[in-house]
There are 2 protein chains.
Amino acid sequence: MKNTRNTVAKSAILEIIQSSKVALSHVEIQKLSEGLCDRVTIYRILDRLMIEDVIHKIATPDGTVKYAACHHKHEEHHIHNHVHFSCEKCHSVTCLDTVKPSYSIPKDYLVKEINFTLSGICKDCNE
Amino acid sequence: MKNTRNTVAKSAILEIIQSSKVALSHVEIQKLSEGLCDRVTIYRILDRLMIEDVIHKIATPDGTVKYAACHHKHEEHHIHNHVHFSCEKCHSVTCLDTVKPSYSIPKDYLVKEINFTLSGICKDCNE
DNA sequence: TCTTAAAATGCAACAATGTTGCGTTTTTAT
DNA sequence: ATAAAAACGCAACATTGTTGCATTTTAAGA
């Protein structure tokens, strides 16, 4: 793996993502970081954090991209096989780490990643 | 439901989507339609087709949005609970209608839509 | 068939999101 | 301390999606 460095901005952004209960979009991260660094730098930091596998990208049903911390720190060859929940009301995206999906698929497909997103009303909005 | 009309452009675009084995992005639809209509019109037609529930939107893992025909024509209150496969190599997105996912989720979540996308190498690219 | 209101379209302009090149600054290994 | 590599800021660009408005097309009723 190409060597990536720990910088002030990178640590701050990772901290923002890790301390958030919900997955964050680029714009949300930008607002939370309050002028910490350039918009472009955030994109580059997100790329690095994904290469290092400490965060993962989630494509939400409406087409927006969000980022969340990985909670499997020390596993090798892991896949992000957990369920995401996307709330229609508050637009939050959460990782439901405890829920494991099951599926079967024809043998001639090679599965490397799983992106299982349920959408509807989250527990906080579901009065 | 607001009345939507069948126009030349709408029929042509629906035909393109229905006759495609893979899900298509806006850009791909635009190329296949070869100057049939304006770029903006394609967006509006896609919106209408989704409202009418004859196509559905798929958010691929890399964040791009694709559209595919629905194959459940006459069901009411259906949800798109089938599996999508996204190929890392040829970037095709296919609906695996026969594969049904199963999952369990805490009761306090209200699930309305399911988006289950597997990614890896599709059967055509898998040697 | 003719009329007409609503829906659809094209165009231009805009907004949001993501990317690239490059000169400068910071990090880290030596 | 030094130097190479990585990260950064900035500007410019590319892509993707949206909005307003004048014009055209559709479809339903007279």
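In what follows, chains are A, B, ... by sequence order, proteins preceding strands, each numbered from 1.
Here A/Phe116 contributes atom CZ and B/Leu118 contributes atom CG; the two are 9.5 Å apart, rounded to the nearest 0.5 Å. The distance from the SG atom of B/Cys122 to the NE2 atom of B/His91 is 11.0 Å, given to the nearest 0.5 Å. Between the NZ atom of B/Lys57 and the CG atom of B/Leu46 there is a distance of 9.5 Å, given to the nearest 0.5 Å. For the atom pair B/Cys95 SG and B/His56 NE2, the distance stands at 4.0 Å (nearest 0.5 Å). Put simply, NZ on B/Lys10 and CG on B/Leu49 are 6.0 Å apart, with the number rounded to the nearest 0.5 Å. From B/Cys70, atom SG reaches atom CE of B/Met50 across 10.0 Å, with rounding to the nearest 0.5 Å.
Following rounding to the nearest Å, B/Ile42 (CD1) and C/dG10 (C1') show an atom-to-atom distance of 12 Å. Distance B/Ile29 CD1 to D/dT16 C1': 14 Å, rounded to the nearest Å. For the pair A/Lys57 NZ and C/dT17 P, the interatomic distance rounds to 14 Å; values are reported in whole Å. Here D/dT15 presents its C1' atom at 12 Å from NZ of B/Lys31, a figure rounded to the nearest Å. Here C/dG18 presents its P atom at 6 Å from OH of A/Tyr67, a figure rounded to the nearest Å. Atoms CD (A/Glu28) and P (C/dG18) sit 12 Å apart, rounded to a whole Å. Note: CG (B/Asp62) to C1' (D/dT16) measures 14 Å, nearest angstrom. In this entry the distance linking CG of A/Leu46 with P of D/dC8 reads 11 Å, nearest Å.
Contact check for A/Ser119 versus B/Asn115: no side-chain heavy atoms found under the 4.5 Å cut-off. When side chains are defined from C-beta on, B/Thr117 counts as touching B/Pro61, because their heavy atoms get closer than 4.5 Å. Residues B/Ser33 and B/Ile42 are in side-chain contact: their nearest non-hydrogen atoms beyond the backbone lie under 4.5 Å apart.
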Summarise how protein sits on nucleotides 18-30 of chain D as a single string, 5' to 3': B when a protein heavy atom is under 4.0 Å from the base, S for sugar-phosphate-only contact, - for no contact. BBB-----BS---

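With the end axes of the helix from C/dT1-D/dA30 to C/dT30-D/dA1 each set by five pairs, the angle from one to the other reads 40° at 10° resolution.
In terms of phosphate contacts, A/Thr41 brings no side-chain nitrogen or oxygen within less than 4.0 Å of OP1 or OP2 of D/dC8.
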